[in-house]
Undergrad: 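Below is a structure I'd like to ask you about.
It should be emphasised that the depicted structure is a prediction, and the values quoted were computed from it without experimental measurement.
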Amino acid sequence: MSTYKKRTHTCGELRKQDIGKTVTLTGWIDVRRDLGGVVFIDLRDRYGKTQVVFAPQHNQQAYDVAQGLRSEYVISVTGNVEGRPADTENPDLPTGEIDVVGKELAILNKSETPPFPIEDEIDVSEDLRLKYRYLDLRRSAVQKNLLIRHCAYQVTRSYFDRNGFIEIETPILMKSTPEGARDYLVPSRIHRGKFYALPQSPQTYKQILMVSGFDRYFQIVKCFRDEDLRADRQPEFTQIDVEMSFADEDDVFRTTEGLIAELWKEILGIEIARPFRRLTYKDAMELYGTDKPDTRFALHIADCSSVVANSGFRVFSDTVRKGGVVAGFAVPALSNYTRNQLDGLTDLAKSLGAGGLVYFKHHSDRIESSVDKFVSPDEVKAIAQKIGSKNGDLGLIISGTWQKALTILGTLRLEMASRLDLIPEGHWNFLWITDFPLLEFSEDDKRFVAVHHPFTSPKPEDVPLLDADAATARARAYDLVLNGNEIAGGSIRIHSSELQSKMFGLLGIGPEEAKQKFGFLLDAFKYGAPPHGGIAYGFDRIVMLLTGQKSIRDVIAFPKTSSAMSLMDDSPSTVDKKQLDELHIRIL
RNA sequence: GGGGUCGUAGCUCAGCUUGGUUAGAGCGCCUGCCUGUCACGCAGGAGGUCGCGAGUUCGAGUCUCGUCGGCCCCGCCA
């Protein structure tokens with residue numbers, strides 16, 4: 001039994017046609033306007049706002065209580081729906097044609113003055129919002145993000161269910177495995193000195209589910225990586241994890257494109273054209289200087305190595321001789337860039353590891369370069385032609401190893417697009433990146449590490465390369481990129497224990513260690529593992545893009561700061577010695 | 001681990017360059033007045049560990065060093 005009058009309507013639904021009804025609303029005081037003889041309040045819940053008016057002639061007692069109302073008090077109010085007097089309607093509110101005339105008013109709870117107003121447009125520091133997250137989440141702008149996130153869950157579950165995928169939960173307490181990100185560890189109380197790890201992803205489990213014959217699996221699942229944070233990276237985040245048996249790249253792509261199209265259609269009402277464009281990793285790097293290109297603007301990079309191979313400028317010719325690249329791109333109509341601005345770009349390039357930045361200004365009568373002392377006018381002209389520079393453009397040239405020079409150009413490309421406001425809104429440029437390298441050499445560990453993960457299959461035609469020239473072998477791995485954001489990644493997996501063992505060998509994981517760390521997977525593969533592959537989507541990033549937010553913190557109910565703290569509950573925190581003792585742990 | 005930037009009233013900021021009277025503004029809050037407001041209006045008022053700690057100085061919000069915290073980036077993120 002309720003001790004207060006329960007609502008008959010929400011604060012967002014009363015309209016003209018409800019005039020004459022006696023209603024009860026519950027909610028929070030959004031704002032109070034006390035005009036002396038009459039008190040207006042806007043009552044808010046997650047559905048909207050409705051104005052309630054209190055005056056002595058309507059009900060003296062309610063009016064008296066109303067004068068004591070303050071922001072964020074929780075009330076229940078009963079009264080009649082009336083049309084507003086002429087010229088007092090509020091066209092900005094859906095409920096702006098009516099008032100509720102307050103006859104009975106109960107304060108269900110008082111509130112302290114909130115540290116910031118509960119409004120859509122607030123100018124307040126993010127740490128304050130995070131400390132009082134419960135108040136931040138009361139704001140409709142933030143609620144809208146979580147509502148869209150909710151819709152994305154429903155669309156995803158419905159889509160995979162309709163397409164024969166089975167949702168299966170996998171353990172949160174699992175075996176710590178080498179490779180990849182740093183694990184979050186959970187000490188075992190029962191087994192002294194042993195630890196579980198929180199999953200970086202359910203990778204091994206979903207592959208084993210394929211061995212078990214589940215054929216098509218999906219899960220919306222929390223993953224944990226103990227690495228430094230970014231605007232689009234949290235230590236715990238949500239993936240849509242998918243795995244399919246008897247599937248190749250085209251099957252995974254088709255499934256993915258169907259999901260994406262449905263999400264965009266259902267949530268934004270936008271038709272996404274399919275199939276998505278595909279670009280190899282090599283082409284993406286050489287054209288955009290990144291493996292997650294934003295293709296909403298051009299500024300294409302071009303290789304100039306061939307025209308500077310015999311340059312008198314030793315930086316260029318030596319780079320080419322050593323197998324590196326000299327490449328650059330033209331920025332339209334920027335030949336008037338100042339020395340100061342160019343010095344800034346040079347500093348940026350150097351901070352990214354470049355030896356320097358060569359630039360030229362493409363004037364109508366000549367091309368003025370920063371290396372005129374070393375490079376002939378004809379050569380500068382040839383470079384300009386190579387990168388497609390036109391009269392009035394600014395050319396930016398970087399030399400270095402293939403990876404480094406192109407990556408720096410990729411960053412400069414984004415920087416210039418941002419400075420010149422070249423990135424159009426309202427475009428959804430989905431792009432598959434394919435043919436990633438299988439391995440890369442880790443200078444830190446002095447060994448190969450997997451670019452994607454150790455279970456990724458090499459391309460069949462590149463398998464012989466594993467013995468001959470492993471660094472050049474390509475993987476059956478793919479990423480889905482949207483407007484410069486990596487929103488999904490996956491691969492066709494290795495399903496033979498022999499090839500998997502060989503892969504471990506290349507990664508410097510000996511038979512003993514492989515057996516100890518991944519024996520369960522290798523064993524499973526001995527019992528009829530189907531060919532399989534899959535993909536995992538960065539759910540938070542997708543919702544961030546669907547909601548137009550700049551950080552995934554804005555689409556996560558209780559996110560952590562960039563130093564991985566939760567300001568609301570102050571975690572991580574110290575624990576009692578007794579807890580540590582039980583876990584056989586001592587703080588060093 | 002590194003680079004950049006910010007930290008002054010409940011909130012958003014000014015003051016710092018060039019150290020010096022009682023640290024200001026807007027919003028919010030409190031009190032009073034006000035019967036159609038919706039950024040209500042008018043009048044009055046309260047409110048400060050200048051993030052924290054050292055140092056320089058006759059004197060530090062201001063200069064120096066350290067430290068803590070927010071945000072962005074590099075490294076890192078199979």
Undergrad: Check this for me, if you would: do A:Arg447 and A:Glu179 make a salt bridge, where the nitrogen-to-carboxylate-oxygen distance has to be below 4.0 angstrom?
TA: yes
Undergrad: Does B:rC74 have OP1 or OP2 sitting under 4.0 Å from an N or O in the side chain of A:Arg230?
TA: yes
Undergrad: In whole Å, I'd like the distance from the CD atom of A:Glu119 to the C1' atom of B:rA39.
TA: 9 Å
Undergrad: Please give, in whole Å, the distance from B:rG69 P to A:Leu229 CG?
TA: 14 Å
Undergrad: Find the distance A:Arg70:CZ to B:rC30:C1' and express it as a whole number of Å.
TA: 8 Å
Undergrad: Once you apply a heavy-atom cut-off of 4.0 Å, does A:Ala181 come out as touching a base, just sugar-phosphate, or nothing?
TA: sugar-phosphate
Undergrad: Answer yes or no: does a side-chain N or O of A:Ser125 lie under 4.0 Å from OP1 or OP2 of B:rC6?
TA: no
Undergrad: Calculate the interatomic distance between A:Gln203 atom CD and B:rC77 atom C1'; express it in whole Å.
TA: 16 Å
Undergrad: When all nucleic acid strands are considered with a 4.0 Å heavy-atom cut-off, which category describes A:Pro115: base, sugar-phosphate, or nothing?
TA: sugar-phosphate
Undergrad: Classify A:Asp99 by what it touches in the nucleic acid, base, sugar-phosphate, or nothing, heavy-atom distance under 4.0 Å.
TA: base
Undergrad: Hey, what do you get for CZ (A:Arg70) to CD1 (A:Ile107), rounding to the nearest 0.5 Å?
TA: 9.5 Å
Undergrad: Go ahead and name the base partner of B:rC77; Watson-Crick or wobble counts if both distances stay under 3.5 Å, otherwise write none.
TA: none
Undergrad: Looking for any heavy atom pair under 4.0 Å, which part of the strands does A:Arg84 touch: base, sugar-phosphate only, or nothing?
TA: base
Undergrad: Between A:Tyr184 and A:Phe224, what is the ring plane arrangement, given parallel below 30°, perpendicular above 60°, and tilted in between?
TA: perpendicular
Undergrad: Please state how far atom CD in A:Gln67 lies from atom C1' in B:rC33, giving the value in whole angstrom units.
TA: 12 Å
Undergrad: Counting only Watson-Crick or G-U wobble pairs whose two distances fall under 3.5 Å, which nucleotide matches B:rU64?
TA: B:rA54
Undergrad: Considering only heavy atoms and no angle criterion, is a donor-acceptor pair shorter than 3.5 Å present between the side chain of A:Arg553 and the base of B:rC71?
TA: no
Undergrad: Any strand is fair game: report the nucleotide pairing with B:rG69 by Watson-Crick or G-U wobble, both distances under 3.5 Å, or none.
TA: B:rC6
Undergrad: Between A:Thr113 and B:rC29, does any side-chain N or O lie under 4.0 Å from OP1 or OP2?
TA: no
Undergrad: Write down the partner of B:rU22 under the Watson-Crick or G-U wobble criteria, each distance required to be under 3.5 Å.
TA: none
Undergrad: Considering heavy-atom distances to RNA chain B, does A:Gln239 or A:Pro117 have its closest nucleotide positioned more toward the 5' end?
TA: A:Pro117
Undergrad: Quick one: does A:Arg225 reach the base of B:rC77 with a side-chain donor-acceptor pair under 3.5 Å?
TA: no
Undergrad: So what's B:rA46 paired with, Watson-Crick or G-U wobble, going by both distances under 3.5 Å?
TA: none
